[in-house]
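Both counts, for ligands and for their atoms, begin at 1 and track the order of listing.
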Amino acid sequence: MASDTPLYIGFDLSTQQLKGLVVNSDLKVVHVAKFDFDADSQGFPIKKGVLNNEVEHEVFAPVALWLQALDGVLESLRKQGLDFRRVKGISGAGQQHGSVYWGQNAESLLRNLDSSKSLEAQLEGAFSHPYSPNWQDSSTQKECDEFDAALGDREHLAQATGSKAHHRFTGPQILRFTRKHPEIYEKTSRISLVSSFLASLFLGHVAPFDISDVCGMNLWNIKKGEYDERLIQLCSGVFGVEGLKQKLGEVPEDGGLHLGSVHPYFVERFGFSPDCTVIPATGDNPATILALPLLPSDAMVSLGTSTTFLMSTPSYKPDPATHFFNHPTTPGLYMFMLCYKNGGLAREHVRDAINESLKDTPAQPWANFDKVALQTAPLGQQNASDPMKMGLFFPRHEIVPNISKGQWRFTYDANTGSLKETTDGWNSPQDEARAIIESQLLSLRLRSRDLTQSPGNGLPSQPRRVYLVGGGSKNKAIAKIAGEILGGVEGVYSLDVGDNACALGAAYKAVWGIERQPGQTFEDLIGQRWNEEEFIEKIADGYQKGVFEQYGQAVEGFEKMELQVLQQEADKAN
Ligand SMILES: Nc1ncnc2c1ncn2[C@@H]1O[C@H](COP(=O)(O)OP(=O)(O)O)[C@@H](O)[C@H]1O
Ligand SMILES: O=C(CO)[C@@H](O)[C@H](O)COP(=O)(O)O
């Protein structure tokens, strides 16, 4: 390909790292750079990308860490030989819900960026608060109760905003911020989401929120297409509604909007072309569904720090147990999502316990975990008459369902419907490898079953395909069990970009934003250029008669188990 053809960058500012991924107009990846927060940063006492205040259940990340990371990723792309002059568009993806609090001098510092200095060296003072509340934070129960009550109940809040109140959602977080740091709130000029923060750095002024990511705040009325006045009123606390609206800013509807050209800083320091255009950055989950032309009958499972289950759908059916967002590019479509806090890190706990019990930590740390997971029979049942083993493994307060941290193990007899909390018959930690994978996937099947349909030929309702993305998608044992539990008539697939799907989706958003014809949808443009053989790989079978139905029975026991644990926890609290 000629060396002056356009390139596009997608950034992914996630929990544990920042990635920058460069594609050409044919959607092929030409560069990837990564900055791992724990391994590559200097000067931040973080663990897994965040800091904790256990007493108040707060989880937060230093904003300056992300500046250091962006400096690092851009340098690394330069070292790889990226010709920045060819980059015509930039978009991004940010971990959802996190908020960045800009100080009074933010616009002036952003406008006057000095290309002889790093971003970290000159923007550290641009924030009224040095930390961004993280999606793993669970400090806002009081505020969540107020949000749910503001529209009557959680059903009504979900109907209006796509979700009931959640600890991590930005509205409840801002309300708590007005109470905990009133004087800082007053001095805050603008509030960004992590996604719009990223776009702001490239633009050199505070960028607007993205039409999909704004739905992760409990403030945006999805059907009305505007902030919900009652929720803005609540969220502004003792401060004025107008002040909050000003801090939040406008929300353009077009996910492919040209926000402006990159700031001269990037032209002078890295050699970007002055006409390189910034396209709105979205949330990391909305960006993930843009990594391929996803059909409404497909499901995506993102196995990152969090586990998320994603579908693109024309129907808006909000429910307090799930999330709906505006689709990041296509008006009339929505994104359905389930999000679990106990994803990758919870699996790592079991992995480490197994390695410890075997006194063996192999070079590939997942080798023992995978081996025992595959050696264990589905639901730990040696014979069909044995009770099923199932459990909940929550080293952190879970979102779905809303249960404090803990671990519970049960057996379930599908013939009698009897459920028993017991560790009898469990060989721990070995049995937990398969059990934790099953637990996470059974929860997905339970909560997505109403959105799937029968693919015909008398087959049970299930997705057409299951796509696995995120760090855990490398794991073939998880892929095999995902096919057994979730089905998927055509099988389980992974993207050849492995754990970079989110950055890839952001890069495709930039391609679409710049190269679309008037009125051309994302699905149409990307669908035309998409090369299935080259971009995806089938990694496991999907629907398998027998085991799928066995897990169908297990879903019933799983639902009962969750209800019992919820009840026990409620009784303990009273
Ligand atoms: N081979 C593997 N098997 C299972 N999980 C893995 C494997 N490799 C990486 N992971 C998990 O991937 C997670 C990171 O996923 P990634 O999508 O890169 O992160 P983020 O949530 O920050 O976007 C880690 O928590 C790790 O447990
Ligand atoms: O809270 C959510 C979604 O609601 C999380 O999915 C965050 O968006 C962080 O994602 P990862 O860092 O795990 O990709």
inquiry  = Thr308 versus ligand 2: do any nitrogen or oxygen atoms come within less than 3.5 Å of each other?
reply    = no
message = Determine whether the aromatic ring centres of residues His323 and His166 are separated by less than 6.0 angstrom.
response = yes
key: Shortest heavy-atom approach to atom 1 (O) of ligand 2 - which of Arg168, Lys341, His166, Gln96   = Arg168
ask   = Which ligand 1 atoms, with their elements, are less than 4.0 angstrom from a heavy-atom of Thr305?
value = 19 (O), 20 (P), 21 (O), 22 (O)
query = Is it true that Asp370 and Lys476 make a salt bridge, defined as a side-chain N closer than 4.0 Å to a carboxylate O?
reply = no
inquiry  = When you measure from the side chain of Asn368 to the backbone of Asp360, do you find a donor-acceptor pair of N or O atoms at a distance under 3.5 Å?
reply    = yes
remark   = Output for pair (Asp40 CG, Ser76 OG), nearest 0.5 Å, gives 9.0 Å
message = If we set the cut-off at 4.0 Å for heavy atoms, which region of Thr15 has an atom near ligand 2: side chain, backbone, both, or neither?
response = both
request  = Please determine if Lys34 and Asp499 form a salt bridge, counting it only when a charged side-chain N lies under 4.0 Å from a carboxylate O.
outcome  = no
request  = Of the side chain and backbone of Gln16, name the one, both, or neither that has a heavy atom under 4.0 Å from an atom of ligand 1.
outcome  = both
ask   = Taking only heavy atoms of Lys474, which atoms of ligand 1 are found under 4.0 Å from at least one of them?
value = 8 (N)
task = Starting from atom 7 (C) of ligand 1, find the nearest protein heavy-atom neighbour and note its residue, name and distance.
result = Trp366 NE1, 3.4 Å
task = Could you tell me if any non-hydrogen atom of Gln16 lies under 4.0 Å from any atom of ligand 2?
result = no
query = Would one find an N or O of Asp12, backbone or side chain, under 3.5 Å from an N or O of ligand 1?
reply = no
inquiry  = Using a 3.5 Å distance criterion without hydrogens, assess whether the side chain of His167 forms a donor-acceptor pair with backbone atoms of Asp137.
reply    = no
query = How far is atom 5 (C) of ligand 2 from its nearest protein heavy atom, and which residue and atom name does that atom have?
reply = Ser306 OG, 3.6 Å
request  = Could you tell me the residue and atom name of the protein heavy atom closest to atom 3 (N) of ligand 1, and the distance to it rounded to 0.1 Å?
outcome  = Asn475 ND2, 3.0 Å
key: Enumerated ligand 1 atoms positioned under 4.0 Å from heavy atoms of Gly304   = 15 (O), 16 (P), 17 (O), 21 (O)
request  = Answer yes or no: is there a donor N or O on one side and an acceptor on the other, between the side chain of Asp38 and the main chain of Gly49, under 3.5 Å?
outcome  = yes
N/O donor-acceptor pair under 3.5 Å between Ser14 side chain and Gln95 backbone = no
inquiry  = Looking only at side-chain N and O atoms, does Ser200 offer a donor or acceptor that is under 3.5 Å from a partner on Arg190?
reply    = no
inquiry  = Taking 4.0 angstrom as the limit and counting only heavy atoms of Ser14, give me the atoms of ligand 2 inside it, by number and element.
reply    = 12 (O), 14 (O)
query = Of the backbone atoms (N, CA, C, O) and the side-chain heavy atoms from C-beta on, which set of His323 has a member under 4.0 Å from an atom of ligand 2: side chain, backbone, both, or neither?
reply = neither
Where ligand 2 meets Met337 - atom numbers and elements under 4.0 angstrom, heavy-atom basis = 3 (C), 4 (O)
remark   = Among non-hydrogen protein atoms, atom 9 (C) of ligand 2 lies closest to Trp135 NE1, 3.2 Å
message = Could you measure the distance from the CD1 atom of Ile232 to the CH2 atom of Trp220? Nearest 0.5 Å is fine.
response = 9.0 Å
query = Would you say Gln95 has any N or O atom under 3.5 Å from an N or O of ligand 2, going by distance alone?
reply = no
query = Counting N and O atoms only, with roles assigned by atom type, does the side chain of Thr313 sit under 3.5 Å from a partner on the main chain of Ser315, one being a donor and the other an acceptor?
reply = yes
request  = Please determine if Gly471 has a nitrogen or oxygen closer than 3.5 Å to a nitrogen or oxygen of ligand 1.
outcome  = yes
request  = Please indicate whether any nitrogen or oxygen in Gln17 is less than 3.5 Å from any nitrogen or oxygen in ligand 1.
outcome  = yes
Polar atom proximity, Arg347 to ligand 1 (N or O, under 3.5 Å) = no
task = Pick one of side chain, backbone, both or neither for how Cys339 approaches ligand 2, counting any non-hydrogen atom pair under 4.0 Å.
result = side chain
key: Heavy atom of the protein closest to atom 4 (O) of ligand 2 (residue, atom name, distance)   = His97 NE2, 2.6 Å
query = Which is closest to atom 24 (C) of ligand 1 in terms of heavy atoms, Gln95, Glu348, Lys34?
reply = Glu348
note = For Gly470, the atoms of ligand 1 under 4.0 Å from one of its heavy atoms are 17 (O)
query = Is a donor on one side and an acceptor on the other found under 3.5 Å between the side chain of Asp12 and the backbone of Lys19?
reply = no
From Ile399, Thr307, Asp284 - option closest to atom 8 (O) of ligand 2 by heavy atom = Asp284
task = Examine the proximity of ligand 2 to Thr305 and report which part, side chain or backbone, both or neither, has a heavy atom under 4.0 Å away.
result = both
query = Under 30°, 30 to 60°, or over 60°: which ring-plane class applies to Tyr467 and Tyr493, parallel, tilted or perpendicular?
reply = tilted
message = Which label fits Tyr131 and His129: parallel for a plane angle under 30°, tilted from 30 to 60°, or perpendicular past 60°?
response = perpendicular
request  = Please answer whether the main-chain N or O of Arg396 pairs with a side-chain N or O of Asn342 as donor and acceptor at a distance below 3.5 Å.
outcome  = yes
message = Could you tell me, atom by atom, which parts of ligand 1 come under 4.0 Å of a heavy atom of Ser14?
response = 20 (P), 22 (O), 23 (O)
ask   = Using 4.0 Å as the upper bound for N to carboxylate O, is an ion pair formed by Glu438 and Lys389?
value = no
ask   = What protein heavy atom is closest to atom 3 (C) of ligand 2, reported as residue, atom name and distance in Å?
value = Asn285 ND2, 3.3 Å
